[in-house]
2 protein chains.
Amino acid sequence: MNNQALSSKKAQIFQISTQLFRKKSYTGTSMQDIAGAMGIKPASLYNHINSKQEILIELLLHGAGLFVDGMNEIRASQLTDLQKLERLIALHLRITVDNTDLMALIAVEWRHLEGDGMREYLKLRNAYENDFRIILKDAMDAGQIHQMDVEIAFFSILTTLKWFYSWYDKHSNLSLIDLEEYLKKLLLGGLKIS
Amino acid sequence: MNNQALSSKKAQIFQISTQLFRKKSYTGTSMQDIAGAMGIKPASLYNHINSKQEILIELLLHGAGLFVDGMNEIRASQLTDLQKLERLIALHLRITVDNTDLMALIAVEWRHLEGDGMREYLKLRNAYENDFRIILKDAMDAGQIHQMDVEIAFFSILTTLKWFYSWYDKHSNLSLIDLEEYLKKLLLGGLKIS
DNA sequence: GTCTATATTTTGATAGAC
DNA sequence: GTCTATCAAAATATAGAC
C-alpha cells in the first residue's frame, strides 16, 4: 500500500500520517493519534517535524513530484502523442498501486493545505494538468484520436484516474498488466481512431 | 447546487452545513463556522439541533434515502434489466445535479459518522448496492449485456457515478439530456450487446 | 429563539529535565 | 531523542437571563 522507507523516524511519521490522514482525514487526525500509532508521546514528534501542516505539505509535494517527474520523462520521449497518453495512464496506475493511501490525500486532503504550501502544490498540479491537456489536444490535432471537446475528454479521463485508487482498493488482486489494459480500453477505447 | 428548502432555521442549518462540510470537511468545520455563516452565535444552533454529529447523520440519511427511494421505484417497474440500469444512471445524474454538495458528503464525509448513525447509513448503502448488483447480474444473465466479472463491472460503474459530482462541478453548463447520454454511453457503451 | 457566560475536553505546540 | 509539565487557543455543549 505504501512503499515509503521506514529507516528514519521522520519517514515513519510520514508513513503513519498518510494512513491516518486517509482514514480519518487531516483535520480528524490529532498529533496524539500519530504519536500513539508510533508508541511515543505527541511532544516527541516535534523533534522530527515542525508542525502538523508541514507533514501534509511534505506528503502532497512528494506526491505531486511523482507525477511531475513521470510527466517530464514522457514529454522528453520520442513517442507519438497517443503513445504518450497510454504512458500517462500507466504512470497513474503505477503511482496508485505503489502509493494507494497517498492518492487519497491527493484526491481529498489537499484542500487542507495552507498559504505557501497550497500555492506551491497548486502550481505543480496545474503544470501537470496543462501538460496532460496539451498532449491530449496534440493527439487530437494529429488525427490519432477522434475530434471532440478537449475539456470534456480531459476531465473525463483525469477524473477516472484520480478516483481509481478507491476502485483499486477492492481489486488489488488483479495483475498490473490486466489493470493497465483495462484502463487503457476504458479511457481511450472510445477515442482511438482504428 | 442545493435545493433544500430555506423555510425553517433547521433547514438553513442543513443547507449551510452541507456546503461547509464539503468545502472544509466535517472535522474541519466548527459550530462557530456554521453559526457565523448564518449570522448567529454557536449556542443558538442548539435550539434547532442536538449536536454536530446529528447534522451529519440527518444529511447522509436524507441522501441515502434519495437513492433508496429511486431504487425502489425502478425495481417496482416492468422495465427490462438493461432499461433499469439506464434508469439507475439517470437517477444518479439527477440526484447529483440537484444535490452536488450533498454528493461530496456521500463520497467523502460519511466516514465521520459514529455509532448507530454509521450502522444505519451503511445498512442503507449496502441494500442499495446489492440491489444495483443484482440488476446488473440479471441483465448479464438475460444476455442484454456482455458476460464479464460482475464485481469489476459493478464497481467500475458505481465508482464513476460516485465521483461524477466532482466532474459535474466543472461542466454544469452541459444540458441534462447530453449528460445522460454521455454517461450511458461511457458506462454501458462497452457492455451492451448490439 | 438568541444571547452571555461558562464548563469541559481536546487541540497543536513549547520548555526544559533526563 | 523522549519524556513530563504546561500553555494558549479552540472545540462541543449546557445553563439560564432576556
Side-chain angles (χ1 to χ4, degrees), chain A residues 4-61 105 109-118 121, chain B residues 4-61 105 108-118:
Chain A
Q4 208 150 35
L6 275 166
S7 40
S8 72
K9 266 277 158 63
K10 192 166 178 174
Q12 196 188 345
I13 291 175
F14 288 148
Q15 191 203 33
I16 286 181
S17 296
T18 306
Q19 295 169 5
L20 289 176
F21 288 174
R22 176 185 182 179
K23 193 173 159 198
K24 297 155 65 84
S25 88
Y26 174 72
T27 47
T29 301
S30 66
M31 298 304 270
Q32 175 64 251
D33 291 330
I34 299 171
M38 297 177 63
I40 60 176
K41 299 290 173 185
S44 305
L45 292 171
Y46 293 89
N47 281 302
H48 310 286
I49 48 98
N50 294 309
S51 70
K52 184 184 169 187
Q53 175 74 195
E54 188 192 85
I55 300 176
L56 185 66
I57 292 175
E58 291 238 21
L59 292 177
L60 285 172
L61 291 185
L105 307 200
E109 303 301 322
W110 65 274
R111 64 190 156 153
H112 292 116
L113 285 170
E114 301 163 8
D116 285 343
M118 175 66 95
Y121 177 74
Chain B
Q4 207 150 35
L6 276 166
S7 41
S8 74
K9 266 276 159 64
K10 191 165 177 174
Q12 196 188 347
I13 291 174
F14 288 148
Q15 190 202 33
I16 285 181
S17 296
T18 307
Q19 294 170 6
L20 289 176
F21 288 173
R22 176 184 182 180
K23 193 173 158 199
K24 299 155 63 85
S25 88
Y26 173 72
T27 47
T29 300
S30 66
M31 298 304 270
Q32 175 65 250
D33 292 329
I34 299 170
M38 296 177 64
I40 59 176
K41 300 291 173 185
S44 305
L45 293 171
Y46 293 88
N47 280 303
H48 310 285
I49 49 96
N50 294 309
S51 70
K52 185 183 168 187
Q53 175 74 197
E54 187 194 85
I55 300 176
L56 185 66
I57 291 175
E58 291 237 20
L59 292 177
L60 285 171
L61 291 186
L105 307 199
V108 175
E109 303 300 323
W110 65 273
R111 63 190 155 153
H112 292 116
L113 284 170
E114 300 163 7
D116 284 342
M118 175 65 96

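Naming convention: chains lettered A, B, ... in sequence-line order (proteins, then strands); numbering from 1 in each chain.
- Whole-Å rounding puts the A:Asn50 CG to C:dT14 P distance at 8 Å.
- The minimum heavy-atom distance between B:Thr18 and B:Leu105, with the atom names listed, is O-CD2, 4.0 Å.
- Note: CD (B:Gln32) to P (C:dT11) measures 19 Å, nearest angstrom.
- For the side chain to side chain contact (heavy atoms under 4.5 Å, CB included) test, no residue two or more places apart in sequence or in another chain qualifies with A:Lys23.
- Within the 4.0 angstrom heavy-atom criterion, only backbone atoms of the sugar-phosphate kind lie near B:Thr29; the bases stay farther away.
- Taking A:Lys24 as the reference, A:Asp33 meet the salt bridge (Lys or Arg N to Asp or Glu O under 4.0 Å) condition, with sequence neighbours excluded.
- A:Tyr46 has its OH atom 13 Å from the P atom of C:dA15, to the nearest Å.
- Listed nucleotides D:dC3, C:dG1, D:dA11 differ in distance to A:Ile40; the shortest reach to its side chain belongs to D:dC3.
- Remark: A:Ser30 is not in phosphate contact with C:dT10, judged by side-chain N or O atoms under 4.0 Å from OP1 or OP2.
- In this structure, A:Lys52 places its NZ atom 15 Å from P of C:dT14, rounding to the nearest Å.
- Here C:dG1 presents its C1' atom at 11 Å from CD1 of B:Ile13, a figure rounded to the nearest Å.
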Got a list of protein N/O to nucleotides 4-7 of chain D N/O distances below 3.5 Å?
none

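- For the pair B:Ile49 CD1 and D:dT12 P, the computed distance is 10 Å after rounding to whole Å.
- Separating the CE atom of A:Met31 from the P atom of D:dA8 is a distance of 20 Å, rounded to the nearest angstrom.
- The NZ atom of A:Lys52 sits 7.0 Å away from the OG atom of A:Ser30 when rounded to the nearest 0.5 Å.
- Partners of B:Glu54 under the salt bridge (Lys or Arg N to Asp or Glu O under 4.0 Å) rule, at least two apart in sequence or in another chain, do not exist in this structure.
- If you take CG of B:Leu56 and C1' of D:dT12, they are 15 Å apart, rounded to a whole angstrom.
- Residues satisfying the side chain to side chain contact (heavy atoms under 4.5 Å, CB included) criterion with B:Ile57, sequence neighbours excluded, are B:Gln53, B:Leu61, B:Leu113.
- Applying the side chain to side chain contact (heavy atoms under 4.5 Å, CB included) rule to B:Thr27 yields the partners A:Ser25, A:Thr27, B:Ser25, B:His112; only residues at least two apart in sequence or on another chain are considered.
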